[in-house]
Amino acid sequence: MTVIGLDDTDSRDAGLCTTYVAARIAAALEVSGATVERRLLVRCNPAVEHKTRGNAALAVHTDADPGRALDVLADELDAARTDDPRTNPGGVVADCDPDEVPTAAADFAERAVRDLLDRSEARDLAGELGVETVTAGNGRGLIGALAAVGAWSAFDEWTYECISYRERDRWGTDRAVDRASVVAAAESGYPTVWDTVDRVEDRAVCVPRTPCPILHAVRGDDPEAVRAVAGHIEGESVADRAVFVTNQGTDAHLREVADPGSVQPGRSYRLTADVTAAPETREGGHVFFAVGENGSALDCVAFEPTKRFRDRVRDLRAGDRVTVCGEVADGTLKLEKFALRDRVTTTEATPDCPRCGRSMTSAGRDQGYRCRDCKTSADGPVSVPIDRDLTPGWYEAPPCARRHVAKPLVRGGFDAPTHPER
């Protein structure tokens, strides 16, 4: 077997995307008589500075001769080159089975999804592994390309995405997609197929808004199901269609920590702590609160684009026990989902007079409360129950604001009741 890895052929200006280049490589190999076992789409660390929105690296697993694979890779990367200085393609050809890549490659892939890596480390690893490489520009794409080579051995949870591509002469124009057919297709595939639409925001999440070659991209847990849903979407003609195996919707980017003080910027975490500062809505509609554990504190935020998710966050109270998930930047965790573990059910209130029923007043500092009319007294405030709508369980950002790699609650496997967004 041969593993081809590639990354960073995306262009924000020219509209190209790396999935399209990978699909072209696979098609060219098949035309030459080779078998393509799978196309792998790996979402790397979403906090990386130099990335397009999804930060995807691609791999093609094939029985093609490594020399032939290198020729096809070089041709396609050359054809994908643009004048965009932010596009720096990188490609790798490894002469091995994807299940048997060196441990160093698998470790590199895991770190590429959860950590920050640099080009020098990628170049050193390529030399150590003895793999063939192709780069252009500053070669930053070599990082993702190596990660894609090692990913199949690094991770064991995978989902699927069926990507439909546009005719070349329509790139950069408005997409002609029948919205009613998208909604109907989404309903027919749910919950096996997820994040196709956002019903509340009335958005076809599967249809991108960038000038890339993708017409729509359908995600789910079954390859036949995503292909079927894609086939039911009506609109402009489809030039090509490919199903990718992917780590999307798996939370592969999250690392578990116990202490908020141990988090680092540019990484994503899952941690459990107490809410120490009640939610506060600030300028722009962003909702902030703080959590603390083991003497450390961490600010958390639900940004305005997360829409109705912010209402769930606003329902939190100081003293609630929560698990928060998200990327840390500038000392703040950007919330993707949270679980309410234990909730505050009472609050302190001024006692009422047992005789007349009126609210007592303070008798002075540390002197309790007194009823001025009846002269009755109370030692301190009383606990009263709180009527709360927020129940224990998991809550998430809606499909319109969900990161590609974040695991939707509808997929299951969570350790508490879930409240999925559709």
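- Between F303 and H286, the ring-plane angle classifies as perpendicular under the 30° and 60° cut-offs.
- At least one test fails for K337 against the ring of F414: distance under 6.0 Å to the centre or angle within 45° of the axis.
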Under the side-chain contact (heavy atoms from CB on, under 4.5 Å) criterion, do I233 and C206 qualify, and how do the steps go?
CA-CA 10 Å; I233 297 175; C206 67; 4.2 Å; yes

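- Formation of a donor-acceptor pair under 3.5 Å by the S383 side chain with backbone atoms of T346 is not found in this model.
- Annotation: side chain to side chain contact (heavy atoms under 4.5 Å, CB included) contacts of A145 (sequence neighbours excluded): V92.
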Side-chain donor-acceptor pairs of residues 269-279 under 3.5 Å, sequence neighbours excluded:
residue, atom, partner, partner atom, Å
Y269, OH, Q264, N, 2.9
R270, NE, E256, OE1, 3.3
R270, NH2, D415, OD2, 3.0
T272, OG1, T323, OG1, 2.7
D274, OD1, R321, NH1, 3.2
T276, OG1, A290, O, 3.4

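- Around atom CZ of R282, more than 12 heavy atoms belonging to other residues, nucleotides or ligands sit under 6.0 Å away.
- For CZ of R170, the number of neighbouring non-hydrogen atoms (other residues, nucleotides, ligands) closer than 6.0 Å is greater than 12.
- In this structure, H419 and Y395 have parallel ring planes: the angle between them is below the 30° cut-off, well short of the 60° mark.
- With no hydrogens or angles considered, a side-chain donor-acceptor pair links W152 and D99 at under 3.5 Å.
- Nearest heavy-atom pair, A318 versus V344, reported as atom, atom and distance to 0.1 Å: O-CG2, 3.4 Å.
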Yes or no on side-chain contact (heavy atoms from CB on, under 4.5 Å) for T306 and L335, after CA distance, side-chain angles and deciding distance?
CA-CA 9 Å; T306 61; L335 205 61; over 6 Å; no

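- T9 and T18 share a donor-acceptor pair across their side chains, judged by distance under 3.5 Å alone.
- The closest side-chain donor-acceptor pair between S164 and R241 falls under 3.5 angstrom.
- Contact between A230 and C162 at its shortest, heavy atoms only, is CB-SG, 3.7 Å.
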Show the numbers, then the answer: is there a side-chain hydrogen bond (donor to acceptor under 3.5 Å, both in side chains) between R219 and H404?
CA-CA 10 Å; R219 302 167 189 159; H404 299 291; 2.6 Å; yes

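- Crowding of D389 atom CG: a count of heavy atoms from other residues, nucleotides or ligands under 6.0 Å not exceeding 12.
- Counting only N and O atoms by type, the side chains of T281 and R314 include a donor and acceptor under 3.5 Å apart.
- Summarising the geometry of V101 relative to C96, their closest heavy-atom pair is CG1-SG, 3.6 Å, with the distance given to 0.1 Å.
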Let's go through D195 and R402 carefully: what are the C-alpha distance in whole Å and the side-chain angles of both, what is the deciding distance for salt bridge (Lys or Arg N to Asp or Glu O under 4.0 Å) to 0.1 Å, and is it a yes or a no?
CA-CA 8 Å; D195 287 4; R402 188 134 54 228; 2.6 Å; yes

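- A 4.5 Å side-chain heavy-atom check between Y160 and Q248 finds every atom pair outside the cut-off.
- Residues H216 and R175 fail the side-chain proximity criterion, which asks for heavy atoms closer than 4.5 Å.
- By the 4.5 Å heavy-atom criterion applied to side chains, M360 and R370 are not counted as neighbours.
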R312 and E396: salt bridge (Lys or Arg N to Asp or Glu O under 4.0 Å), yes or no, with the steps?
CA-CA 9 Å; R312 303 296 193 183; E396 64 182 351; over 6 Å; no

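- Between I163 and L41 there is a side-chain heavy-atom pair separated by less than 4.5 Å.
- The closest side-chain heavy-atom distance from L116 to V48 is below 4.5 Å.
- Within a 6.0 Å radius of CZ in R310, other residues, nucleotides and ligands contribute more than 12 heavy atoms.
- You'll find the side chain of P98 reaches within 4.5 Å of the side chain of M1, heavy atoms only.
- Residues satisfying the side chain to side chain contact (heavy atoms under 4.5 Å, CB included) criterion with D169, sequence neighbours excluded, are E167.
- The shortest distance between side-chain heavy atoms of D259 and E293 does not fall below 4.5 Å.
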The test is side-chain contact (heavy atoms from CB on, under 4.5 Å); show your working for V238 and Y165 and say whether it passes.
CA-CA 6 Å; V238 173; Y165 296 102; 5.7 Å; no

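- At least one donor-acceptor pair under 3.5 Å links the side chain of K407 to the backbone N or O of G412.
- Counting non-hydrogen atoms of neighbouring residues, nucleotides and ligands closer than 6.0 angstrom, the CZ atom of R358 reaches no more than 12 such neighbours.
- Listed for the S181 side chain is a donor-acceptor partner under 3.5 Å among the backbone atoms of E234.
- One N or O on the side chain of D198 and one on the backbone of E201 form a donor-acceptor pair closer than 3.5 Å.
- Shown here is R388, whose CZ atom has more than 12 heavy atoms of other residues, nucleotides or ligands within 6.0 Å.
- Taking all atoms of both residues into account, the shortest heavy-atom contact from P223 to V243 is CB-CG1, 4.2 Å.
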Take D118 and R123, measure what salt bridge (Lys or Arg N to Asp or Glu O under 4.0 Å) needs, and give me the verdict at the end.
CA-CA 9 Å; D118 59 39; R123 285 193 294 267; over 6 Å; no

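- Here the side chain of D315 pairs no donor or acceptor atom with the backbone of L390 at under 3.5 angstrom.
- Between R411 and D221, some side-chain heavy-atom pair lies under the 4.5 Å cut-off.
- Judged by distance alone, with hydrogens and angles left aside, the side-chain atoms of R140 form no donor-acceptor pair with the main-chain N or O of D8 at under 3.5 Å.
- Within a 6.0 Å sphere centred on CG of D156, heavy atoms belonging to other residues, nucleotides or ligands number 12 at most.
- None of E110, H253, R267 except one satisfies the side-chain contact (heavy atoms from CB on, under 4.5 Å) rule with D115; the exception is R267.
- Annotation: cation-pi pair R422/W194 absent, no NZ/CZ under 6.0 Å from the ring centroid and within 45° of its normal.
- Scanning all heavy atoms of the two residues, the minimum distance from T62 to T35 falls at OG1-O, 2.8 Å.
- In this structure, R209 does not pair ionically with D174, as no charged nitrogen and carboxylate oxygen lie closer than 4.0 Å.
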